[in-house]
*Asks:* 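Please find one structure pasted underneath; my questions will follow.
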Amino acid sequence: MDRVRRLASQRAVVVFSLSSCCMCHTIKRLFCELGVNPAVHELDEDPKGKDMERALSKMLGRNPPVPAVFIGGNLVGPTDEVMKLHLGGKLVPLLRNAGALWL
């Protein structure tokens, strides 16, 4: 869990993902279209990915835990939480406050 928290705090937006996950792709695409360059950690390509996946499952209380999105070092959640923020007009201000967007 310490590694997940450390990685999550290193950039304004961090996405823990699996390279074959369609919802992960959707979230990464959304951020790119908003002009955000998130740090993406593909758990299936990381030697410690299974450990991080277990830690994220505990943090989120769900399995599979991806995509898991952190903004400003804080856990936002999976796809449904990110989309709820986006559709409610709260995602862009959150990204600005975290320093992920300039305009």
*Asks:* Any chain of hydrophobic side-chain contacts (each under 4.5 Å) joining Val14 to Leu30?
*Replies:* no
*Asks:* Run the side-chain contact (heavy atoms from CB on, under 4.5 Å) test against Leu43 and tell me which residues pass, sequence neighbours left out.
*Replies:* Phe16, Leu18, Met52, Glu53, Leu56, Val66
*Asks:* Please walk me through it: do Val40 and Lys28 pass side-chain contact (heavy atoms from CB on, under 4.5 Å)?
*Replies:* CA-CA 8 Å; Val40 177; Lys28 293 182 281 188; 3.7 Å; yes
*Asks:* In terms of side-chain geometry, is the basic nitrogen of Asp2 or Arg5 positioned less than 4.0 Å from the acidic oxygen of its partner?
*Replies:* no
*Asks:* Search all heavy atoms of Val36 against all heavy atoms of Pro38 and return the closest pair with its distance.
*Replies:* O-CD, 3.1 Å
*Asks:* Considering all heavy atoms of both residues, which atom of Pro67 and which atom of Ile27 are nearest to each other, and what is their separation?
*Replies:* CG-CG1, 3.8 Å
*Asks:* Hey, is CZ on Arg6 packed in by over 12 heavy atoms from elsewhere, all under 6.0 Å?
*Replies:* yes
*Asks:* Measuring from Arg3:CZ to Asp51:CG, what's the distance to the nearest 0.5 Å?
*Replies:* 9.0 Å
*Asks:* Count I, L, V, M, F, W, Y as connected when their side-chain heavy atoms are under 4.5 Å apart, and connections chain through other members. Are Phe70 and Val76 then in the same cluster?
*Replies:* no
*Asks:* At their closest point, which heavy atom of Glu42 faces which heavy atom of Ser19, and how far apart are they?
*Replies:*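 In this case the closest contact between Glu42 and Ser19 is OE1-N, 3.0 Å.
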*Asks:* Compare all side-chain heavy atoms of His41 with those of Leu7 and state whether any distance is below 4.5 angstrom.
*Replies:* yes
*Asks:* How many angstroms lie between CG in Leu94 and NE2 in His86, if you round to the nearest 0.5 Å?
*Replies:*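 Nearest 0.5 Å value for the CG-NE2 distance: 13.0 Å.
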*Asks:* Does the side chain of Ile71 reach to within under 4.5 Å of the side chain of Asn97, using non-hydrogen atoms?
*Replies:* no
*Asks:* Same cluster or not: are Met83 and Leu34 linked, directly or through other Ile, Leu, Val, Met, Phe, Trp or Tyr residues, by side-chain heavy atoms under 4.5 angstrom apart?
*Replies:* yes
*Asks:* Applying the 4.5 Å side-chain criterion to the ILVMFWY set and letting contacts propagate, would Val82 and Met23 be lumped into a single cluster?
*Replies:*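 No; Met23 is not reachable from Val82 via cluster members.
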*Asks:* Less than 4.5 Å apart, any side-chain heavy atom of Lys58 and any of Val4?
*Replies:*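 Not in contact.
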*Asks:* What heavy-atom pair brings Pro65 and Ala68 nearest, and what distance separates the two atoms?
*Replies:* O-CB, 3.5 Å
*Asks:* Between Val92 and Arg96, is there a side-chain heavy-atom distance shorter than 4.5 Å?
*Replies:*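 Heavy-atom side-chain distance check passes, below 4.5 Å.
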*Asks:* Are Val69 and Glu81 packed together at the side-chain level, in the sense that at least one heavy-atom pair is separated by less than 4.5 angstrom?
*Replies:*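 Not in contact.
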*Asks:* Please find the pair of heavy atoms, one from Ala98 and one from Ala12, that lie closest to each other, and give the distance.
*Replies:*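 Here Ala98 and Ala12 meet closest at O-CB, 3.4 Å.
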*Asks:* Give the minimum heavy-atom separation between Ser57 and Asn63, together with the two atoms involved.
*Replies:* OG-OD1, 3.4 Å
*Asks:* With sequence neighbours excluded, give me every ring pair (Phe, Tyr, Trp, His ring centres under 6.0 Å) pair touching residues 19-38.
*Replies:* none
